[in-house]
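Okay, so here's the structure we're looking at.
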Number of protein chains: 2
Amino acid sequence: MNERPLQEPTLLLLTALADEPRHGYGLIQEIDAISQGRVRMRTGTLYGALDRLVQQGLIRVEREEVVDGRARKVYALAEAGQDVLAAETERLRAVVAEAERRLAARRAHAIRPKGALA
Amino acid sequence: MNERPLQEPTLLLLTALADEPRHGYGLIQEIDAISQGRVRMRTGTLYGALDRLVQQGLIRVEREEVVDGRARKVYALAEAGQDVLAAETERLRAVVAEAERRLAARRAHAIRPKGALA
DNA sequence: CTATATATATCAGCGACCGGCATATGTTGT
DNA sequence: ACAACATATGCCGGTCGCTGATATATATAG
């Protein structure tokens, strides 16, 4: 029931799951890849967020498996999560476009078309 | 010194100032416009954030003026703020693009190119 | 003379994130 | 044999930005 905008770690989590179901540790790696190494999700953030998102119905536990003697919980994006992600990216895209438009105009102004003085 | 990603209200504040200097109340209106009425910045968020951003050197108090008997503080985007905004939009643009790419692929998969069965 | 718009400011509370710690198994290096 | 590292999940105290409420003050509209 929360209409508040997603924070970046949460946005990245949903994005990482939009692709295909993944388990917690795999999400850390995937997010590392998506963000080109700029975001290293902490386990404290991760598992807390996963519980919260399941609670909110944005993701669900797809299955639990054991690979090489290690237990895994595989999460999948739920439909509600897909909708939220779509709406969020849509809004963010508009904000980013506006910010870039203004930054470009700002730079154009700074250059001063006819002779830059001081 | 905080490299943490900006939250949306902060992002919108910097975006609203990228255009031209504005005072607090004007920022509320501008953000309302930018977000097409979807974000109504609260004064609690606003003035707290403005103080914080000045403290961080991302914006500065351009001037103080009195218009129609009402005091105003006009804020301007500092160079550090411009850099942070540019970096932030750049990263967000990549994340948004990736999210939309995955959502599109997801929908294409759901449609099933040749005969959708159940 | 009340309500609304303009304008700034503070504060308690909440919730997401951070960083550290704990636990356990498998692999690689020395 | 032992250390170090990668894989994998989980908890918890602290921090910090945002929310919502409240306060103050002037100008304008009804």
Side-chain angles (χ1 to χ4, degrees), chain A residues 1-14 16 21-33 35 37-56 58-59 61-75 81 84 88 95, chain B residues 1-14 16-17 21-33 35 38-56 58-59 61-75 81 84 88 95:
Chain A
M1 307 306 157
N2 212 357
E3 278 300 314
R4 289 177 58 186
L6 303 178
Q7 289 193 32
E8 229 192 290
T10 304
L11 179 72
L12 286 165
L13 269 182
L14 296 185
R22 292 178 204 276
H23 65 286
Y25 193 79
L27 284 167
I28 294 178
Q29 297 170 325
E30 184 67 12
I31 285 171
D32 191 79
S35 70
R38 283 175 295 211
V39 178
R40 260 157 215 163
M41 174 87 68
R42 314 292 169 158
T43 64
T45 305
L46 180 72
Y47 294 105
L50 287 175
D51 286 348
R52 196 187 75 238
L53 292 170
V54 166
Q55 178 77 24
Q56 292 173 343
L58 302 188
I59 65 175
V61 179
E62 183 83 342
R63 63 181 183 276
E64 301 188 45
E65 58 188 24
V66 175
V67 176
D68 291 329
R70 292 187 211 95
R72 282 181 176 178
K73 252 190 209 169
V74 178
Y75 297 87
V84 166
E88 198 71 9
V95 173
Chain B
M1 304 304 160
N2 213 358
E3 277 301 315
R4 287 177 61 186
L6 302 179
Q7 288 192 34
E8 230 191 291
T10 305
L11 180 71
L12 285 166
L13 270 182
L14 296 185
L17 284 177
R22 292 176 204 277
H23 65 284
Y25 194 79
L27 285 167
I28 293 177
Q29 298 170 324
E30 183 67 12
I31 285 172
D32 192 78
S35 69
R38 284 176 296 212
V39 177
R40 259 153 218 167
M41 174 87 67
R42 314 291 171 159
T43 64
T45 306
L46 180 72
Y47 294 104
L50 287 175
D51 286 347
R52 197 187 74 238
L53 292 171
V54 167
Q55 179 77 24
Q56 293 173 341
L58 301 189
I59 66 175
V61 179
E62 183 83 343
R63 62 181 185 275
E64 300 189 45
E65 58 188 23
V66 175
V67 177
D68 292 329
R70 292 186 211 97
R72 282 181 176 179
K73 251 189 209 170
V74 179
Y75 297 88
V84 166
E88 199 71 8
V95 173

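Below, each value reflects all heavy atoms present in this structure, side chains not excepted, and no hydrogens, waters or symmetry copies. Labels below follow one simple rule: chain letters A, B, ... track the order of the sequence lines, proteins then strands, and each chain is numbered from 1.
Q29(A) is linked by a side-chain hydrogen bond (donor to acceptor under 3.5 Å, both in side chains) to nothing, counting only residues two or more places apart in sequence or in another chain. For the side-chain hydrogen bond (donor to acceptor under 3.5 Å, both in side chains) test, residues two or more places apart in sequence or in another chain that qualify with E30(A) are R22(A), R102(B).
Note: CG (L6(B)) to P (dC17(C)) measures 15 Å, nearest angstrom. Look at CE on M41(A): it is 16 Å from P on dT7(D), rounded to the nearest Å. Atom CD in Q56(B) sits roughly 17 Å away from atom P in dT15(D) (whole-Å rounding). In this structure, Q7(B) places its CD atom 8 Å from C1' of dA16(C), rounding to the nearest Å. Put simply, CG on L12(B) is 10 Å from P on dC18(D), counting in whole angstrom units. Computed from coordinates, the L13(B) CG to dC18(D) C1' distance equals 12 Å when rounded to whole Å. Atom-to-atom, NZ of K73(B) to C1' of dA9(C) comes out at 9 Å; the value is rounded to the nearest Å. Summarising the geometry, the separation between CD on E8(A) and P on dC17(C) is reported as 10 Å, rounded to the nearest angstrom.
Distance CZ/R63(B) to OH/Y75(B): 13.0 Å, rounded to 0.5 Å. The CG atom of L13(A) sits 5.5 Å away from the CG atom of L50(A) when rounded to the nearest 0.5 Å. E65(B) contributes atom CD, which lies 13.0 Å from atom NZ of K73(B) (distance to the nearest 0.5 angstrom). Atom OG1 in T10(A) sits 9.0 Å away from atom CG in L58(A) (nearest 0.5 Å).
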Scoring nucleotides 24-30 of chain D by protein non-hydrogen atoms under 4.0 Å (B base, S sugar-phosphate only, - none) yields --BS---
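Nearest-nucleotide assignment on DNA chain C puts the 5′-proximal partner with Y75(B), out of Y75(B) and P9(A). The residue among A71(A) and P5(A) whose nearest nucleotide of DNA chain D lies closer to the 5′ end is A71(A). Place G44(B) and L11(A) on DNA chain C by their nearest nucleotides, and G44(B) ends up nearer the 5' end.
At a non-hydrogen distance threshold of 4.0 Å, Y47(A) from residues 46-55 of chain A come into contact with DNA chain D. A heavy atom lying under 4.0 Å from DNA chain D marks none of the residues of residues 21-29 of chain B.
A donor-acceptor pair under 3.5 Å links the side-chain atoms of E88(B) to the main chain of L6(B), judged by distance alone. Between the side chain of T45(B) and the backbone N or O of M41(B), no donor-acceptor pair lies under 3.5 Å.
Sorted by first and then second residue, the salt bridge (charged side-chain N to carboxylate O under 4.0 Å, His left out) pairs with a member in residues 42-56 of chain A form an empty list; sequence neighbours excluded.
Residue T10(A) is in sugar-phosphate contact alone, with no base atom involved, counting any heavy-atom pair closer than 4.0 Å across all strands shown.
With distances taken from any side-chain atom of T45(A) to the nucleotides dC17(C), dA21(D), dG17(D), the minimum falls on dC17(C).
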